[in-house]
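To keep things clear, I will list the structure first and then write my remarks on it.
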Protein chains: 2
Amino acid sequence: MLSKKTKYGLKALTYLARQEGDKPVQISEISEHENISRKFLESILLTLRKNGFLGSKKGKTGGYYLLKDPKDIKMVAVMRILEGPIAMVPCVSLNFYEKCDDCPDENTCSVNKLMLEVRDSTLNIFNNKSLADLI
Amino acid sequence: MLSKKTKYGLKALTYLARQEGDKPVQISEISEHENISRKFLESILLTLRKNGFLGSKKGKTGGYYLLKDPKDIKMVAVMRILEGPIAMVPCVSLNFYEKCDDCPDENTCSVNKLMLEVRDSTLNIFNNKSLADLI
DNA sequence: TTAAATCCTATTTATTGGGTAGGAAAATCT
DNA sequence: AGATTTTCCTACCCAATAAATAGGATTTAA
């Protein structure tokens, strides 16, 4: 299941991508338009900023704005920051690899091979989709 | 993330599929070979039985066995029973559909469309994989 | 100087995953 | 028949995580 954090983050990003010009958009504007708890959204935008997707301006007339062109914001990057691993099991994750405590041998593990296939097909989508494609 | 329930269930199924003949296999044998908590596995096998994947025999010499040929046990069916929805959001789920409380219109929702694509590609894999393919 | 915005850390609350407990019911073996 | 060994079933617990909230510090424009 996609976490609400990721879902809200994606919605906020598309909201920003739809803006004309690069005037900062306030949290509350986004939260109202997209029906997201203001405080929760605040923390999400904060992590998106800390990870280089958003810029911000403080004080009156402050807000958030995209740092890159929507077509240069790959879904795979956003997903990894907000949701974490793309893979369904850590043992087939590229960026969050972890060995399973059960499973003595990954090479002969049936679950491993199945989930590898799922990962590849999902990755294929996220690699080839940018924020621009979401609008 | 794939739940351990699903992971263990898949491992148990492949273990059973690898058996010669259809003699019942006891829970404890599977749990030892696959490093799964005995009690937890018990509850998993129970749901697999209640959903028509496994048969069981009680008492001494009892245990579990596959009811169908491994090639007739589709991954998509197993996944839906053990893991639940294939889709990452309820609003694109075929079997577990639910409307999102935020989102006023699914047809114009960017997340919806993206996750629909992911669902389709994952579904495509699970539809075309059977237990036999896991061995 | 005031108001309005982001920034930041910590805390709370709710949900779920993972696992246990304990006994009832059934089947086998002696 | 009785002992033993298995599955069956319901209920419960615990820890981790997700979701959301609190509250003040900092910055900026008017």
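Within every chain, numbering begins at 1; the chains are lettered A, B, ... in the order of the sequence lines, protein sequences first and strands thereafter. Hydrogens, waters and symmetry mates are skipped; everything else that's a heavy atom, side chains included, is used.
With no hydrogens or angles considered, no side-chain donor-acceptor pair links B/Asn124 and B/Asp120 at under 3.5 Å. B/Glu29 and B/Tyr15 are linked by a side-chain donor-acceptor pair at a separation below 3.5 angstrom, with hydrogens and angles left out of the test.
In this structure, B/Leu82 places its CG atom 12 Å from P of C/dG17, rounding to the nearest Å. The distance from atom CD1 of A/Ile44 to atom P of C/dC7 is 14 Å, rounded to the nearest whole Å. The distance from atom CD of A/Glu42 to atom C1' of D/dT21 is 10 Å, rounded to the nearest whole Å. Going from atom CZ of B/Phe40 over to atom P of C/dG22 covers 19 Å, rounded to whole Å. For the pair A/Ile36 CD1 and D/dT21 C1', the computed distance is 16 Å after rounding to whole Å. We find that NZ of B/Lys57 is positioned 12 Å from C1' of D/dT5, with the value rounded to whole Å. Spacing between atom CG of A/Leu48 and atom P of C/dT6 amounts to 14 Å, rounded to whole angstrom units. One interatomic measurement links the two molecules: NZ of A/Lys11 to P of D/dA19, which rounds to 14 Å at whole-angstrom precision.
Not one side-chain nitrogen or oxygen of B/Lys60 sits closer than 4.0 Å to the OP1 or OP2 atom of C/dT30. Between B/Ser56 and D/dT6, a side-chain N or O to OP1/OP2 separation shorter than 4.0 Å is absent. At D/dT5, none of the side-chain N or O atoms of B/Thr61 fall inside 4.0 Å of OP1 or OP2 (strictly under the cut-off). Taking side-chain N and O atoms only, A/Arg38 has no distance below 4.0 Å to OP1 or OP2 of C/dA5. Dashed line: the shortest gap from a side-chain N or O of B/Arg49 to OP1 or OP2 of D/dC8 is under 4.0 Å. Within the 4.0 Å cut-off from OP1 or OP2 of D/dA18, not a single side-chain nitrogen or oxygen of A/Tyr8 is found.
Of the possible polar contacts, none joining the A/Arg18 side chain to the A/Ile135 backbone as a donor-acceptor pair under 3.5 Å is found.
Base engagement by B/Lys39 is indicated by at least one non-hydrogen atom pair under 4.0 Å involving a base atom. No engagement by A/Lys7 is indicated, since no non-hydrogen atom pair under 4.0 Å with the nucleic acid exists.
Of the candidate nucleotides C/dG19, C/dC8, D/dA19, C/dC8 has the atom lying nearest to any side-chain atom of A/Leu46.
The nearest pair of heavy atoms linking B/Lys99 to B/Pro104 is NZ-O, 4.4 Å. Residue A/Cys109 comes nearest to A/Cys103 through the heavy atom pair CB-SG, 3.4 Å, listed as atom of the first residue, atom of the second, then distance.
Contacts between residues 15-35 of chain A and DNA chain D, defined by a heavy-atom separation under 4.0 Å, are absent.
Taking 4.5 Å as the limit, some side-chain heavy atom of B/Gln19 sits within range of a side-chain heavy atom of B/Val25. Residues A/Val78 and A/Phe53 form a side-chain contact, since some pair of their non-hydrogen atoms from C-beta on lies under 4.5 Å apart.
A chain of hydrophobic side-chain contacts below 4.5 Å, direct or via other Ile, Leu, Val, Met, Phe, Trp or Tyr residues, connects A/Phe40 to A/Leu45.
In this structure, B/Lys58 and A/Leu41 both approach DNA chain D, and ranking their closest nucleotides by distance from the 5' end singles out B/Lys58.
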